[in-house]
Amino acid sequence: MFTRPRGTRDFLPEEMKKRRKVENIIRKVFESYGYEEIMTPTFEHIELITAKSGEEIRRSIYNFRDKGNRELALRPELTAPVMRVYANELQFKPKPIRLYYIANCFRYERPQAGRFREFWQAGVELIGSSSPMAVAEIIALADDVLKKLGLKDYEINIGHIGILRKILSEVDEKKQNLILHYVDKGELGVVEDMLKNEKVDKELFFKVLKMEGDRDILDEINNGLLKDYVKDFSRTLDILDIFGVKYKINLGIARGLEYYSGVVFEIYAKRLGAQKQICGGGVYSLAHVFGAKPTPTCGFAFGFDRLILALEKENLLSDDKKPRFLLIPMVLKKEVFDVARIVRKYFACEMEVMERKLKKALEYANTRRITHVLILGEDELKRKEVAVKDMEKNVQINIKIDELEEYLKKLK
RNA sequence: GCCGGGGUAGGGUAGUUGGUCAUCCUACGGGACUGUGGAUCCCGUGAGCCGGGUUCAAAUCCCGGCCCCGGCCCCA
């Protein structure tokens with residue numbers, strides 16, 4: 001027997017039904033805001049991934065060498081590939097450009113609850129603006145998706161990396177990234193050491209990092225150095241208030257990716273425990289890294305698999321049952337296929353192919369949760385009829401083949 | 001990268017101070033029952049993660065690996 005590679009999964013029909021259902025809702029909401037789907041390669045040159053991703057991502061790159069000795073990497077996320085596409089081919093389209101994707105990603109990490117080596121992300125990028133209006137739009141969009149999915153237990157946390165970077169503006173960018181990396185890891189002792197000889201208002205920095213609560217807390221830093229940033233932040237929050245989006249301020253959010261530069265947000269589904277983060281995003285600058293003019297951008301990604309887990313925890317993924325037909329032909333005549341063709345215009349109709357006796361076929365229909373069985377034998381054919389057995393109500397009627405379509409329409 | 005717990009038919013399990021043919025339930029295929037489902041009975045299919053070691057003998061003990069579950073960190 002062969003086993004799956006570590007950290008990968010097989011999705012069986014029952015599970016795929018749920019996943020497609022969720023996917024379709026996400027797709028619909030994204031599209032309703034004007035976002036258009038894009039698809040990029042499953043693997044990229046490794047440099048694209050390492051360019052500006054962050055320590056953690058770099059450590060977990062799923063890379064390989066191809067036969068042409070190229071160093072390639074399975075994509076760990078889609079923001080960088082999408083921005084490469086933007087730089088390569090979409091730079092001169094009218095702004096803003098609204099793109100979305102639902103695709104698999106790969107990270108070479110230790111699998112555990114809600115963490116896999118192959119996982120799916122569903123995200124959007126809004127290219128051309130990082131105005132408060134734009135940022136508020138994407139956060140509201142994420143919120144809308146969760147509402148349409150029916151999820152109750154989630155919390156939107158909003159921070160601002162621009163504020164953190166502003167306080168650190170005397171430190172060179174590389175070191176800033178490293179500091180933010182340790183902030184993200186919660187190793188504040190290391191951060192303190194790194195700031196020792198820097199001209200940075202350390203008291204302010206650590207105070208800001210710990211700020212968490214509703215928007216009033218921003219008043220404390222709405223002065224001097226940070227005034228403009230707080231103003232920008234507040235405008236975004238104003239708009240979210242107007243949209244009716246509930247959120248929490250959390251300035252300790254540093255994000256593991258180095259390209260973030262402004263408002264950032266994370267959404268948690270607390271019931272998921274360790275892997276509770278179901279969404280992350282914010283304002284970033286990446287276009288210039290791939291050779292385009294600097295372009296303000298914002299975006300986010302849902303962890304699709306975690307979304308599924310969160311929805312399951314809240315019992316929101318019961319499968320809706322559509323009528324499902326089984327056609328049992330007792331004789332093989334043209335009419336059998338005519339009937340199948342008619343039913344298939346409306347519902348799934350499978351054909352009995354095991355050459356089973358009627359009783360066994362019905363037994364099968366029963367366990368497979370077939371809702372309607374069609375029986376076609378000599379008797380029925382003589383009268384140009386088909387026997388339709390409703391498995392749930394346990395009633396059987398004969399219907400003229402000519403009138404079958406009317407019957408099906410009523411079921412819809 | 002670090003730390004715990006595991007691995008017996010497709011799913012769920014029993015069994016071990018090493019010693020018959022590895023238990024039972026379920027699922028699957030067929031039959032009893034020749035064109036009418038959910039019950040019952042019968043028959044059949046089907047297993048000790050992989051590799052090595054100890055031993056007359058290993059599912060059981062030891063070592064290594066693989067995989068799964070979970071926690072830390074991080075991420076989605």
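What you see below is based on every heavy atom in this structure, not just the backbone, and it leaves out hydrogens, waters and symmetry mates.
Defined by atom type and a distance below 3.5 Å, a donor-acceptor pair is present between the side-chain atoms of Asn157(A) and Glu155(A).
The side chain to side chain donor-acceptor pair (under 3.5 Å) pairs that include a residue from residues 279-288 of chain A are Glu125(A)-Tyr284(A), where partners are two or more places apart or lie in different chains.
Toward the 5' end of RNA chain B, the nearer of the two residues Leu358(A) and Pro111(A), judged by each one's closest nucleotide, is Leu358(A). Mapping Leu362(A) and Gly280(A) onto RNA chain B via the closest heavy atom, the residue that lands nearer the 5' end is Leu362(A).
Among the heavy atoms of the strands, none lies under 4.0 Å from Gly281(A). Across all strands shown, Cys105(A) has no heavy atoms under 4.0 Å from either base or sugar-phosphate atoms. Residue contacts for Glu378(A): at a heavy-atom cut-off of 4.0 Å it reaches a base atom on one of the strands shown. Backbone-only contact: Ala113(A) has heavy atoms under 4.0 Å from sugar-phosphate atoms and none from a base. Base engagement by Glu380(A) is indicated by at least one non-hydrogen atom pair under 4.0 Å involving a base atom. Contact annotation for Phe302(A): no contact, since no heavy-atom pair falls under 4.0 Å across all strands. Heavy atoms of Phe116(A) sit under 4.0 angstrom from at least one base atom. Looking at heavy-atom distances under 4.0 Å, Gly123(A) makes no contact with the nucleic acid at all. Residue contacts shown for Ile375(A) include a base, since a base heavy atom lies under 4.0 Å away. Base engagement by Asp379(A) is indicated by at least one non-hydrogen atom pair under 4.0 Å involving a base atom.
For G10(B) and C72(B), the P atoms lie 34 Å apart once the distance is rounded to whole Å. Here, G46(B) and A27(B) have their C1' atoms 11 Å apart, quoted to the whole Å. Here the separation of A14(B) from C68(B), taken at their P atoms, is 23 Å to the nearest Å. Nucleotides G44(B) and U36(B) place their C1' atoms 26 Å apart, quoted to the nearest Å. A58(B) sits 15 Å from A22(B) when the P atoms are compared, rounded to a whole Å. The same atom, C1', is picked in U54(B) and in C62(B); the two are 7 Å apart, to the nearest Å. Atom name C1', nucleotides C41(B) and G52(B): the rounded distance is 48 Å, in whole Å. Separating the C1' atom of G64(B) from that of C42(B) is a span of 47 Å, rounded to the nearest Å.
The base of C74(B) sits with one of its N or O atoms less than 3.5 Å from a complementary donor or acceptor on the side chain of Arg115(A). Interface remark: the Gln112(A) side chain does not form any donor-acceptor pair with the C68(B) base, using a distance-only criterion of under 3.5 Å.
Nucleotide C41(B) has G31(B) as its partner under the Watson-Crick or G-U criteria, with both atom distances under 3.5 Å. In a base pair of the Watson-Crick type (N1 to N3 plus N6-O4 or O6-N4) or a G-U wobble (N1-O2 and O6-N3), with each distance short of 3.5 Å, A57(B) is matched with no nucleotide. Pairing for C67(B) is with G6(B), a Watson-Crick or G-U wobble pair whose two hydrogen-bonding atom distances lie under 3.5 Å. Using the Watson-Crick or G-U wobble rule with both distances under 3.5 Å, U20(B) pairs with nothing in any strand shown.
For Lys400(A), the NZ atom is densely surrounded, since the number of other residues' heavy atoms within 6.0 Å is greater than 12.
Side-chain nitrogen and oxygen atoms of Arg356(A) include at least one within less than 4.0 Å of the OP1 or OP2 phosphate oxygen of G29(B). Applying the 4.0 Å criterion to OP1 and OP2 of A32(B), one finds that Lys357(A) has a side-chain N or O inside that range. Listed pair Arg306(A) / A76(B) fails the phosphate criterion, with no side-chain N or O lying under 4.0 Å from OP1 or OP2. A sub-4.0 Å separation between OP1 or OP2 of C2(B) and a side-chain N or O of Arg110(A) is absent. For Lys389(A) and G35(B), the shortest distance from a side-chain N or O to OP1 or OP2 is not below 4.0 Å. Side-chain nitrogen and oxygen atoms of Lys359(A) include none within less than 4.0 Å of the OP1 or OP2 phosphate oxygen of C33(B).
Nearest nucleotide to the Met330(A) side chain, out of C74(B), G30(B), G35(B): G35(B).
The nearest whole Å value for the distance from the CG atom in Asn366(A) to the C1' atom in G38(B) is 4 Å. At whole-Å resolution of the value, NZ in Lys276(A) and P in G71(B) are 13 Å apart. Rounded to whole Å, the distance from CD1 on Ile328(A) to P on G35(B) is 11 Å. Computed from coordinates, the Ile61(A) CD1 to G1(B) P distance equals 14 Å when rounded to whole Å. Look at CD on Glu266(A): it is 7 Å from P on A76(B), rounded to the nearest Å. In this structure, the CD atom of Glu363(A) is 12 Å from the C1' atom of C28(B), given to the nearest Å. What separates CD of Glu355(A) from C1' of G35(B) is a distance of 16 Å, to the nearest Å. In this structure, OH of Tyr268(A) is placed 12 Å from C1' of C74(B), rounded to the nearest angstrom.
For the pair Lys95(A) (side chain) and Gln91(A) (backbone), a donor-acceptor distance under 3.5 Å is present.
Note on Arg235(A) versus Asp238(A): no salt bridge recorded, every NZ/NE/NH1/NH2 to OD/OE distance being 4.0 Å or above. A salt bridge links Asp10(A) to Arg4(A): at least one charged side-chain nitrogen sits closer than 4.0 Å to a carboxylate oxygen.
Under the 30°/60° scheme for interplanar angles, the aromatic rings of Phe30(A) and Phe302(A) are found to lie parallel. Classification of the Phe347(A)-Phe325(A) ring pair by plane angle, with boundaries at 30° and 60°, yields parallel.
Cation-pi check for Arg19(A) over Phe304(A) is not met; the charged atom does not lie both under 6.0 angstrom from the ring centroid and within 45 degrees of its normal.
G48(B) takes the syn form, because its glycosidic angle lies no more than 90° either side of 0.
Aromatic stacking is not marked for Tyr364(A) over G37(B), as the cut-offs of 5.5 Å for the centres and 30° for the planes do not both hold.
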